[in-house]
**Q** 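Following this message is one structure expressed as structure tokens.
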Amino acid sequence: MSRPRYTAAEALAYHLEPTPGKFEITATVPMTTQRDLSLAYSPGVAVPCEAIAENPETVYDYTNKGNLVAVISNGTAVLGLGNLGALGSKPVMEGKAVLFKRFADVNAIDIELDTEDPQQIIDAVRLMGPTFGGINLEDIKAPECFIIEQTLKEQMDIPVFHDDQHGTAVICAAGLINALHLSGKKIEDVKIVLNGAGAAGIACIELLKRMGARHENCIVCDTKGVIYQGRTEGMNQWKSAHAVKTRLRTLEEAMEGADVFLGVSAKGAVTTKMVAAMAPDPVIFAMANPDPEITPEEAHAVRPDAIVATGRSDYPNQVNNVLGFPYLFRGALDCHARAINDEMKIACAEALAKLARADVPDEVAVAYGLKLSFGRDYILPTPFDPRLIHTIPPAVARACMDTGAARRPIVDMDAYEQALKSRLDPTASIMRSINVRARAAQARMIFAEGDDPRVLRAAVQYQRAGFGKAIVVGRDDDVKAKLEGAGLGDAVSEIEVTNAAKTPHLEAYKAMLYSRLQRLGFDQQDVHRLAARDRHVFSALMLAHGHGDGLVTGATRKSAHVLDRISHVFDADAEHGAVGVTALLHKGRIVLVSDTLVHEWPDEEDLADIAERSAEVARELGLEPRVAFVSFSTFGHPRSERAEKMHRAPLVLEKRGLDFEFEGEMTVDVALNPAAQAHYPFQRLTGPANILVVPARHSASISTKLMQEMAGATIIGPILAGIDHSIQICSTNSTANDILNMAVLAACKVG
């Protein structure tokens, strides 16, 4: 698996567009009327203020404290970049905040403190305590981070967690549980060597000792060698706590006969000679980032029996903190924890280890493009495993309650697990699955509109993300100039540019087109103009001749015009079963709307066909189809001739004996709201519809664009389904990312 490539310009654009930064704040209550304002602020807000002052515990009931974490740094140890200062660390802290939200639905705010004085940081964080349900310290250098965390834990009654220390330690512990399980060894018996006595390394060895590793069996090394009793050079109280009585002085000496190596140090710190000297079935966690102490290839070259983990996503067994901190805080916040203690961290590690040993669901395997099963190359769950959200927090919460750290114990754990499942964002897993499938397909993607900078950026991203070969239709000098203007001048030599005027295939293209159009009023001159000068037709001809595997177009012309041009080459019309399906992604929900492209005024037979095609698209996206034929009426009321076809369409489907749920006619609120569906006990949907078949193309267009503009929904599509070749048509207001998404769908042959 190769790492996705990107330029500095792309990274900056990601943080700049559509608005600077990576998140925004939205209200969860109405804020439209004078009454709303009176309740939100003065005078109505006085009521909860007085209630909280009288009983402080009710702050969790009347404010967002119970689901709010502060991500705090002073920027003295940013990723692998060193001391960038408070301001330089802000993009990382914003990123951490959105990871909290993405993986565990925890609201987080980044706070950068412009000081390197530990006491000033302690005072600032302690004073902010009433605002937050938990504190996540990040990228603060050692040894100051030890002082800051320990003092804050003593002074505050909410969880304080330094993720660089304990996040790494928890994931390391989880992986080690399973590695030792596979090698048949016990933690109390193994010899462990740790290289790197900073924040993460010290936290790792301390947690393993709490889990049963013996002090005398743990050798800690730093840049000056083994930390042994009596050593004075480069020592501090945290290192001294792990000094052992030994004659060993170097890492190489310590590695001889070691069962486990833990590296939180630097690239190349471990040699193949050291690995060769380890005990049978050695466990090697080379966690230095971005490059490990030794690569898995190097380790396995001398020790095929080794179990190797790194911090890298392009190797098996990634030690990734995102497996831990979101779920630790989720469990801690949900029982209003006073702290995150060692028992909670161990519970998290054990739950992660157990999850990796369980059977892996198909959707996880599909998302990663390979079959995953517990073994030497799979000792930790993947970050996108949907079971994490409802598996890890309950384990953490139980440990919190068992140790007396919970203010409000969770009474019904089964109900809690179900509630956690509802927090999972299905749209993220769907998009990841599609991305993995696209990478596996390695499709040659034709981008028809090479004169548009958005299209060019999407083409470059497509190729650099590893999806396949990007083929841009345009003039070489124009493409080069526009790539340079977009800050992507280095991509000129990477992507393939095809000029219609210069292709050797033009005569073959024209011959095919003439054979299709000669009895439809087109002469040879018309065909020449279409094939040589219309990029949509030319690109479709490229696809028809196998000179590409998929086609993306439509960014510069209205979709109806583009569809008309494509129909010159392919049977892409209503008569031949083509359908346009638009995916709406909004607040963790995905709903398909059909037909948004082809059928202007479908009858009941057309509507049934649209439903069938849409169900196929839904399944290709990983959804189990539930179709609603929507109208302004529900099951005959109010009666209207214009709603009659929406009543008859389900009857057509009934006769076809299909294997998906469908119902109608019904209003959109009944289709999407289970509470509204309950008023009609005879209806057949078992949950909210995820496919809305609408009466006409104009209503589909209005509804999707209204959701996009008013609600901020993400729009993917219209997805062109029902034709023999993989073609996707973008909208004219598409961003480069929208165009890329359409290319990925085309690569997966969705539709």
**Q** Kindly write out the residues that satisfy salt bridge (charged side-chain N to carboxylate O under 4.0 Å, His left out) with Lys101, not counting sequence neighbours, or none if the list is empty.
**A**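 Checked Lys101 against salt bridge (charged side-chain N to carboxylate O under 4.0 Å, His left out); matches are Asp105.
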**Q** Any side-chain heavy-atom pair from Leu333 and Arg330 closer than 4.5 angstrom?
**A**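 When only atoms from C-beta onward are counted, Arg330 and Leu333 do touch, with a gap below 4.5 Å.
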**Q** Show me the pairs that pass ring-ring contact (aromatic ring centres under 6.0 Å, His included) and involve residues 176-209, at least two apart or across chains.
**A**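 Qualifying pairs, neighbours excluded: His181-Phe374.
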**Q** Can you list everything that forms a side chain to side chain donor-acceptor pair (under 3.5 Å) with Asp342? Sequence neighbours excluded, please.
**A**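 With sequence neighbours excluded, Asp342 shows a side chain to side chain donor-acceptor pair (under 3.5 Å) to Arg210, Lys345, given in chain and number order.
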**Q** Any ion pair linking Arg312 and Asp291 (charged N to carboxylate O, less than 4.0 Å)?
**A**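 Salt bridge flag = yes for Arg312 with Asp291.
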**Q** Restricting to pairs with a member in residues 272-282, which pass salt bridge (charged side-chain N to carboxylate O under 4.0 Å, His left out), not counting sequence neighbours?
**A**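 Passing the test, one end in residues 272-282: Glu252-Lys273, Asp281-Arg376.
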**Q** Taking the basic N atoms (NZ, or NE/NH1/NH2) and the acidic carboxylate oxygens, is any pair closer than 4.0 Å for Lys96 and Asp139?
**A**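 No, no charged N to carboxylate O under 4.0 Å.
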**Q** Which pairs with one or both residues in residues 263-292 pass ring-ring contact (aromatic ring centres under 6.0 Å, His included), sequence neighbours excluded?
**A**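 Those involving residues 263-292 do not exist here.
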**Q** Return the set of residues passing side chain to side chain donor-acceptor pair (under 3.5 Å) with Lys191 (not counting sequence neighbours), or none when no residue passes.
**A** none
**Q** Is there a side-chain contact between Lys185 and Asp259 in this structure, where contact means two heavy atoms from C-beta onward sitting under 4.5 Å apart?
**A**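 Touching, per the 4.5 Å side-chain cut-off.
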**Q** Sort out for me which residue in Ile135, Leu152, Leu328 forms a side-chain contact (heavy atoms from CB on, under 4.5 Å) with Phe161.
**A** Leu328
**Q** For the residue pair Phe100 and Asn107, establish whether any side-chain heavy-atom pair is separated by less than 4.5 Å.
**A** no
**Q** Are any non-hydrogen side-chain atoms of Pro91 and Lys22 less than 4.5 angstrom apart?
**A** yes
**Q** Any side-chain heavy atom of Phe261 within less than 4.5 Å of one from Asn195?
**A**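 A side-chain contact under 4.5 Å exists here.
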**Q** Who pairs with Arg444 by side-chain contact (heavy atoms from CB on, under 4.5 Å), at least two apart in sequence or on another chain?
**A**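 Arg444 satisfies side-chain contact (heavy atoms from CB on, under 4.5 Å) with Lys469, Ile471, Asp549 once adjacent residues are dropped.
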**Q** Rounded to the nearest 0.5 Å, what separates atom OG1 in Thr310 from atom CD1 in Ile284?
**A**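 Nearest 0.5 Å value for the OG1-CD1 distance: 12.0 Å.
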**Q** If you define the side chain from C-beta out and look only at heavy atoms, does anything of Phe660 sit under 4.5 Å from Glu616?
**A** no
**Q** Within this structure, what is the CG-CD1 distance for the pair Leu194 and Ile227, rounded to the nearest 0.5 Å?
**A**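 Taking CG in Leu194 and CD1 in Ile227, the distance rounds to 8.0 Å.
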**Q** Only counting residues at least two apart or in another chain, list the ones meeting salt bridge (charged side-chain N to carboxylate O under 4.0 Å, His left out) with Glu350.
**A**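 Residues passing salt bridge (charged side-chain N to carboxylate O under 4.0 Å, His left out) with Glu350: none at all.
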**Q** Who passes side chain to side chain donor-acceptor pair (under 3.5 Å) against Gln150, sequence neighbours left out?
**A** Glu154
**Q** Any sub-3.5 Å donor-acceptor pair from Thr272's side-chain atoms to Glu298's backbone N or O?
**A** no
**Q** Out of curiosity, Ile340 CD1 to Cys400 SG, how far, rounded to the nearest 0.5 Å?
**A** 8.5 Å
**Q** Supply the atom-to-atom distance Lys749 NZ to Arg437 CZ, rounded to the nearest 0.5 angstrom.
**A** 11.5 Å
**Q** Could you work out, with side-chain contact (heavy atoms from CB on, under 4.5 Å) as the rule, every residue matching Ser89, not counting sequence neighbours?
**A** Ser73, Val78, Met93, Glu112
**Q** For a 4.5 angstrom cut-off between non-hydrogen side-chain atoms, does Met401 reach Ile410?
**A**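 Met401 reaches Ile410 side chain to side chain.
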**Q** Would you mind listing every side-chain hydrogen bond (donor to acceptor under 3.5 Å, both in side chains) that reaches into residues 390-404, with sequence neighbours excluded?
**A** Asn341-Thr403, Arg398-Glu417
**Q** Can you confirm whether Leu137 sits close enough to Val160 that some side-chain heavy atom of one is under 4.5 Å from a side-chain heavy atom of the other?
**A** yes
**Q** Could you pull out all donor-acceptor pairs under 3.5 Å where a side-chain atom in residues 173-180 meets a protein atom, sequence neighbours excluded?
**A**
from: Asn178; atom 1: OD1; to: Arg357; atom 2: NH1; distance (Å): 2.6
from: Asn178; atom 1: ND2; to: Ala353; atom 2: O; distance (Å): 3.0
from: Asn178; atom 1: ND2; to: Ile379; atom 2: O; distance (Å): 2.9

